[in-house]
Amino acid sequence: MLALDQGPYDFASAVNLTGELLRAFRECRTRDDIFNQMEALALEIGCKFFALIHHDDLRMPTAPRVDIKRYPEAISSRLIGQCHYRRDPVIRSCLFADGAFLWSDISRYITISRHDRRCFEEGRREGLNEGITAPSLMLGHCAGSCTFAGMREPDRANRYLGMVQMLGIFAFQAARRVIGYAPEPASPTRLHPRPRDCIVLAGRGLSNKEIARALSLTPRTVDGYLTEARRLFGVHDRTELVVSAVLAGEIGLEELRRTPDR
């Protein structure tokens, strides 16, 4: 198996290791291949547990979903069997982190609640003392993550952040391919600037009259822009239009946040 602890930093060795990891996951043909690869990597990192999962109801998936893990039974039962995954602090943090993160740093991304503290306490009782999770996010598709946890040397976990970030990308690519999860290419841009501005303001809750005032247009013009946009996306109301524009990548979620000056 590949040795991840290479000692002093050497650029050529790092490049070679990256290439070897990418090849190893590209050669995986079955779920068991990926499981064995993750198991070996967990051993190298010094972790007892690992999980490569889509953040979805995995009890009876209605679509291809990644679910490759060796995890404490009690935690798996709570997250998957009882479908509590959306309230889990690690899974919630994936939506706000910009890369792989230590569990001990989760308070940087979410406000820790009493429920979260209970989750951490339960995890520690099951051997999940520290972990690293790398989010896997694709616009319009089910989120996922790659996790290594239950560390033999939790005080040295920080040194593996970059490695887990890379492993998470390669492993999820391989897992999607193996289960037949193939997202379609995004469609071409369809919105011109002014109709796009109208949809953003509609997403902030403004009426057609308010949008017209904000953009120095007539209400009739705004109505025409929104009607044409609904036709382009094949939807019937404002909510569907805003969601469709976001999922198409033409509007960012951050643009819909209403602030005092917007």
Side-chain angles (χ1 to χ4, degrees), residues 31 34-35 38-39 41-42 45 47-151 154 157-158 160-176 179 181 183 246-247 253-254:
R31 179 192 177 280
I34 297 175
F35 181 94
M38 292 288 292
E39 187 173 48
L41 290 168
I45 293 173
C47 291
K48 187 175 180 181
F49 304 109
F50 61 86
L52 191 66
I53 60 169
H54 267 126
H55 300 166
D56 200 1
D57 185 351
L58 300 175
R59 293 170 300 179
M60 295 181 64
T62 57
R65 290 291 184 258
V66 175
D67 182 13
I68 300 172
K69 63 185 181 296
R70 185 179 67 202
Y71 226 58
E73 181 58 36
I75 306 300
S76 292
S77 175
R78 176 173 61 82
L79 296 181
I80 297 174
Q82 300 174 36
C83 218
H84 288 179
Y85 61 95
R86 295 198 186 279
R87 296 190 65 198
D88 181 74
V90 174
I91 289 177
R92 287 191 359 255
S93 296
C94 287
L95 297 175
F96 304 99
D98 57 0
F101 57 88
L102 295 175
W103 290 5
S104 53
D105 288 339
I106 278 179
S107 61
R108 295 182 182 180
Y109 308 107
I110 63 172
T111 300
I112 303 297
S113 67
R114 283 183 294 179
H115 173 268
D116 297 332
R117 292 190 183 93
R118 288 196 296 270
C119 289
F120 289 133
E121 289 169 4
E122 180 183 358
R124 282 191 287 271
R125 288 195 297 269
E126 299 295 330
L128 299 174
N129 59 335
E130 174 67 290
I132 302 176
T133 294
S136 178
L137 305 174
M138 294 175 62
L139 183 63
H141 298 275
C142 185
S145 59
C146 174
T147 290
F148 292 93
M151 294 193 156
N158 189 68
Y160 292 114
L161 271 172
M163 179 61 65
V164 173
Q165 174 69 31
M166 180 176 62
L167 291 174
I169 294 172
F170 296 164
F172 233 94
Q173 286 175 344
R176 286 193 187 98
I179 67 172
Y181 190 96
V246 169
L247 294 179
L253 280 174
E254 74 285 351

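Starting from 1, each residue takes its place in the sequence as its number.
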How long is the span from the [atom1] atom in [X] to the [atom2] atom in [Y], to the nearest 0.5 Å?
X	Y	atom1	atom2	answer
Asn129	Met151	CG	CE	8.5 Å
Phe50	Leu167	CZ	CG	12.5 Å
Phe172	Ile68	CZ	CD1	8.5 Å
Leu253	Leu247	CG	CG	8.5 Å
His115	Arg118	NE2	CZ	6.0 Å

Legend entry - Test item: Ser77 side-chain N/O and Glu73 main-chain N/O as donor-acceptor pair under 3.5 Å: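 Side chain of Ser77 to backbone of Glu73, a donor-acceptor pair under 3.5 Å: no, none is there.
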Legend entry - Check: Lys48 main-chain N/O paired with Arg70 side-chain donor or acceptor under 3.5 Å: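 At least one qualifying donor-acceptor pair exists.
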Residue pair [X] / [Y], side-chain heavy-atom distance below 4.5 Å:
X	Y	result
Lys69	Phe49	no
Met38	Cys146	yes
Val164	Ile45	yes
Val66	Ile53	no
Ile91	Arg86	no

Inset, instruction - List for me each residue that meets ring-ring contact (aromatic ring centres under 6.0 Å, His included) alongside Tyr109, sequence neighbours excluded, and say none if there are none. - result: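 Expected list: Phe101.
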Contact summary for [X] and [Y], nearest pair of heavy atoms:
X	Y	result
Glu122	Ala74	OE2-O, 4.0 Å
Glu130	Pro154	CB-CB, 3.8 Å
Cys83	Arg59	SG-NH2, 3.7 Å
His55	Ser145	NE2-OG, 2.8 Å
Ala157	Leu102	CB-CD2, 3.7 Å

Inset, instruction - Kindly determine whether Tyr181 and Cys142 satisfy side chain to side chain contact (heavy atoms under 4.5 Å, CB included), including the steps that lead there. - result: CA-CA 11 Å; Tyr181 190 96; Cys142 185; 4.2 Å; yes
Inset, instruction - Go through the steps to decide whether Cys119 and Arg87 satisfy the test side chain to side chain contact (heavy atoms under 4.5 Å, CB included), and finish with yes or no. - result: CA-CA 9 Å; Cys119 289; Arg87 296 190 65 198; over 6 Å; no
Inset, instruction - Determine, step by step, whether Leu41 and Phe148 satisfy the side chain to side chain contact (heavy atoms under 4.5 Å, CB included) criterion, reporting the C-alpha distance in whole Å, the side-chain angles of both residues, the deciding distance to 0.1 Å, and the verdict. - result: CA-CA 9 Å; Leu41 290 168; Phe148 292 93; 4.3 Å; yes
Inset, instruction - Kindly indicate, with the supporting measurements, whether the criterion side chain to side chain contact (heavy atoms under 4.5 Å, CB included) is fulfilled by Arg31 and Ile179. - result: CA-CA 8 Å; Arg31 179 192 177 280; Ile179 67 172; over 6 Å; no
Inset, instruction - Tell me whether the centres of the aromatic rings in His54 and Tyr85 are closer together than 6.0 Å. - result: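 Not close enough - the centres of the two rings lie 6.0 Å or further apart.
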For residues 132-141, which side-chain donor-acceptor pairs fall under 3.5 Å, sequence neighbours excluded?
unit_1: Thr133; atom_1: OG1; unit_2: Trp103; atom_2: NE1; d: 2.9
unit_1: Thr133; atom_1: OG1; unit_2: Thr147; atom_2: OG1; d: 2.7
unit_1: Ser136; atom_1: OG; unit_2: Arg176; atom_2: NH2; d: 2.7

Inset, instruction - Answer yes or no: does atom CZ of Arg114 have more than 12 heavy-atom neighbours from other residues, nucleotides or ligands under 6.0 Å? - result: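 Counting other residues, nucleotides and ligands, CZ of Arg114 stays at 12 neighbours or fewer.
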Legend entry - Salt bridge Arg65-Asp67, side-chain N to carboxylate O under 4.0 Å: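 Here Arg65 does not pair with Asp67 in a salt bridge, since their nearest N and O are not under 4.0 Å apart.
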